[in-house]
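Each remark here refers to the structure printed beneath this line.
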Amino acid sequence: MAINIQAVKGTQDALPRDSYKLRFLEQEIEEIASNYGFSEIRTPVFEYTDLFCRSVGDTTDVVQKEMYTFEDKGGRSITLRPEGTAGAMRSFLEHGLFNEGLPQKVFYFTSCYRYEKPQAGRLREFHQFGIECFGTESPAADAEAISLASEIFGFLGIEDIVLELNSIGCPTCRAEYHKALKEYFEGKKSDLCNTCIDRLERNPMRILDCKSPVCSDIAKDAPTVINYLCDDCREHFESVKKYLDAMDIDYKINPTIVRGLDYYTRTVFEFVSTKIGAQGTVLGGGRYDGLAEQLGGARTPSLGFAMGMERLMLVLEAQGVELPQDNKCNLYIAPVGEEASLLAAKIVTDLRCEGIFAMFDVVGRSIKAQMKYANKIGAEFTIVLGDDELKSGVAQLKNMDDGETQEIKVDKIAEDFASISIQAAVGKLSEDSFDGIDLNALLGGSI
RNA sequence: GUGGAUGUAGCUUAGUUGGUUAAAGCGCCAGUUUGUGGCACUGGAGAUCGUGGGUUCGAAUCCCAUCUUCCACCCCA
């Protein structure tokens, strides 16, 4: 009879003790993105299966073996989104956002679903922060997106992360390159590993970063994409680099970067960490100039990136970065008896209307137990309300940090505490402020 | 999908060559006389030893299967 109390394989709960970190990250990242002119877009978790087949690409692993696809009761083939770009582009086209001025710059936080074998940094349900910039071909836009990504990592004080950059050209020059690559590897086919022989047909660029020593040895002398770029693509790539230089962003050219989704063209990039295991790509993205047309829209050169929130968390943990704590209770009222409890309920309600985080006993525990609880949740102040206080009209306001108490009139707790807590809050503001510099101090040599 | 490892209370672990009511620390709850937390002490709750089979007089300990988690391949965020 006992039911299985277990989250589905490859899924995770965000518990209260951790969820504040995610909220903090989302808030800060959103603020940065909005300074770059990105606005939020929210699209459904599921789309018609076709959308992903056409955009992500029929031959990709993501589409071929990782999608959560099902038929709904109306006989429609539905798929849980495996990534964010397709849905955003669909929405952009469907609602004619190109009529609202280009470029359209959007960001999103979404859950994504891929049926993969879970391991470090790889889950079946995972969360992404993504941005899309629709309707510009300019290399300045590429650099701007990369700059946004870079600023996020910088703000969080993440150091061991490298920006790797490449250009995979347009369909025309990439076809040339693929041809050359295939010719090169075809000659050494007998030496390649089995997966690479497979890759030769499906995605020859993958052979370039094969981990087998034999393959990577062969790959050393393979032709490089950059040498096969057409004039336009080469110029575009050079310009992206110029912008990055102008923005003081360090990058490493990595000619073996390949994106696994078919829609990418020209600029591709990854932010890679070596500290979180085999799944080191924390953020990946690039340009997809042909996607809009592939989906039946007008030509709309665009680009975007996605960051894995779980991987971001792994990086932060690996570096020992402490994120600011959740809000703490400002005042905990410990009543004894029904009359005091009713009064406490009223006071707490008034305080909450003033925006103060206040609590009172809703369990019916002894004073001692209540004090312990108040201590555990980190309450800043406590007040005991019992017969004595009700009779005398005076209670003790206790500062839990230093144990000091001061008198407070029982019938004026709400208004008096409001002013006290504002003073305390002002005093704390400077200590608690979180920015790149303060965070670095928090890193505390843990790595 | 392929390969390797793991699975004992909420958490971290102990459990000797299979033998009676499965331990500990932390955490949780409650007390330590009169109404005030952090320390200390005492007590309590909490585990069908991942699950299902099998071997055995007897299994957390052995065997098989299965699931989860972890790690790598693959793939990607």
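Each chain gets a letter, A, B and so on, in the order the sequences are listed, and its residues count up from 1. Just so it is clear, the structure is predicted and the values come from calculations on it, not from any experiment.
Aromatic pair F38(A)/F107(A): ring centres not closer than 6.0 Å.
Between rC11(B) and rU16(B), the distance separating the two P atoms is 22 Å to the nearest Å. Nucleotides rA22(B) and rA9(B), compared at atom P, are 14 Å apart to the nearest Å. Comparing rG35(B) with rC26(B), their C1' atoms sit 30 Å apart, to the nearest whole Å. Going from the C1' atom of rG25(B) to that of rU61(B) covers 23 Å, rounded to whole Å. With P as the reference atom, rA45(B) and rA24(B) are 12 Å apart, rounded to whole Å.
Within the 4.0 angstrom heavy-atom criterion, only backbone atoms of the sugar-phosphate kind lie near V282(A); the bases stay farther away. Nucleic acid contact for G403(A): base, since at least one base atom lies under 4.0 Å from a heavy atom of the residue. As judged by a 4.0 angstrom heavy-atom cut-off over every strand, I367(A) is placed among the base-contacting residues. If you check every strand for non-hydrogen atoms under 4.0 Å, L261(A) touches sugar and phosphate atoms only. Backbone-only engagement by R365(A) is indicated by non-hydrogen atom pairs under 4.0 Å involving sugar-phosphate atoms exclusively. In this structure, A379(A) reaches neither bases nor backbone, as no heavy-atom distance under 4.0 Å exists between it and the strands shown. M307(A) comes within 4.0 angstrom of nothing in the nucleic acid, heavy atoms only. Contact annotation for E310(A): no contact, since no heavy-atom pair falls under 4.0 Å across all strands.
We find that the ring of Y373(A) and the base of rG37(B) do not stack by the test of centres under 5.5 angstrom and planes tilted less than 30°.
Electrostatic pairing of E94(A) and R90(A) counts as a salt bridge here, judged by a charged N lying under 4.0 Å from a carboxylate O. Looking at R114(A) and D61(A), no side-chain N of the basic residue comes within less than 4.0 Å of a carboxylate O on the acidic one, giving no salt bridge. Between R42(A) and E40(A), at least one side-chain nitrogen of the basic residue sits less than 4.0 Å from a carboxylate oxygen of the acidic one, meeting the salt-bridge criterion. Using a 4.0 Å cut-off between charged side-chain N and carboxylate O, E270(A) and K252(A) make no salt bridge.
Nucleotide rA47(B) is matched to nothing when pairs are restricted to Watson-Crick or G-U wobble geometry with both distances under 3.5 angstrom. Base pairing analysis places rA5(B) opposite rU69(B); the two distances defining the Watson-Crick or G-U wobble pair are each below 3.5 Å.
Listed candidates were rC75(B), rG38(B), rU36(B). Nearest to the side chain of R199(A) is rC75(B).
Q294(A) and R54(A) get closest at one heavy-atom pair: OE1-O, 2.8 Å.
Taking side-chain N and O atoms only, K376(A) has a distance below 4.0 Å to OP1 or OP2 of rC29(B). The side chain of K65(A) places no N or O atom within less than 4.0 Å of a non-bridging phosphate oxygen (OP1 or OP2) of rC75(B). Contact between the side-chain N/O atoms of K211(A) and the OP1/OP2 oxygens of rC74(B) is found at a separation under 4.0 Å.
Between F153(A) and F271(A), the ring planes are tilted. Angles from 30° to 60° get that label.
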Any N/O pairs under 3.5 Å between the protein and nucleotides 67-71 of chain B? List them or say none.
{"unit_1": "rU68(B)", "atom_1": "OP2", "unit_2": "K9(A)", "atom_2": "NZ", "d": "3.4"}
{"unit_1": "rU69(B)", "atom_1": "OP1", "unit_2": "G10(A)", "atom_2": "N", "d": "2.9"}
{"unit_1": "rC71(B)", "atom_1": "OP2", "unit_2": "A120(A)", "atom_2": "N", "d": "2.4"}

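Comparing G280(A) and M371(A), the nucleotide of RNA chain B nearest to each residue sits closer to the 5' end for M371(A).
No option in F357(A), F381(A), Y332(A) other than F381(A) meets the ring-ring contact (aromatic ring centres under 6.0 Å, His included) test with F417(A).
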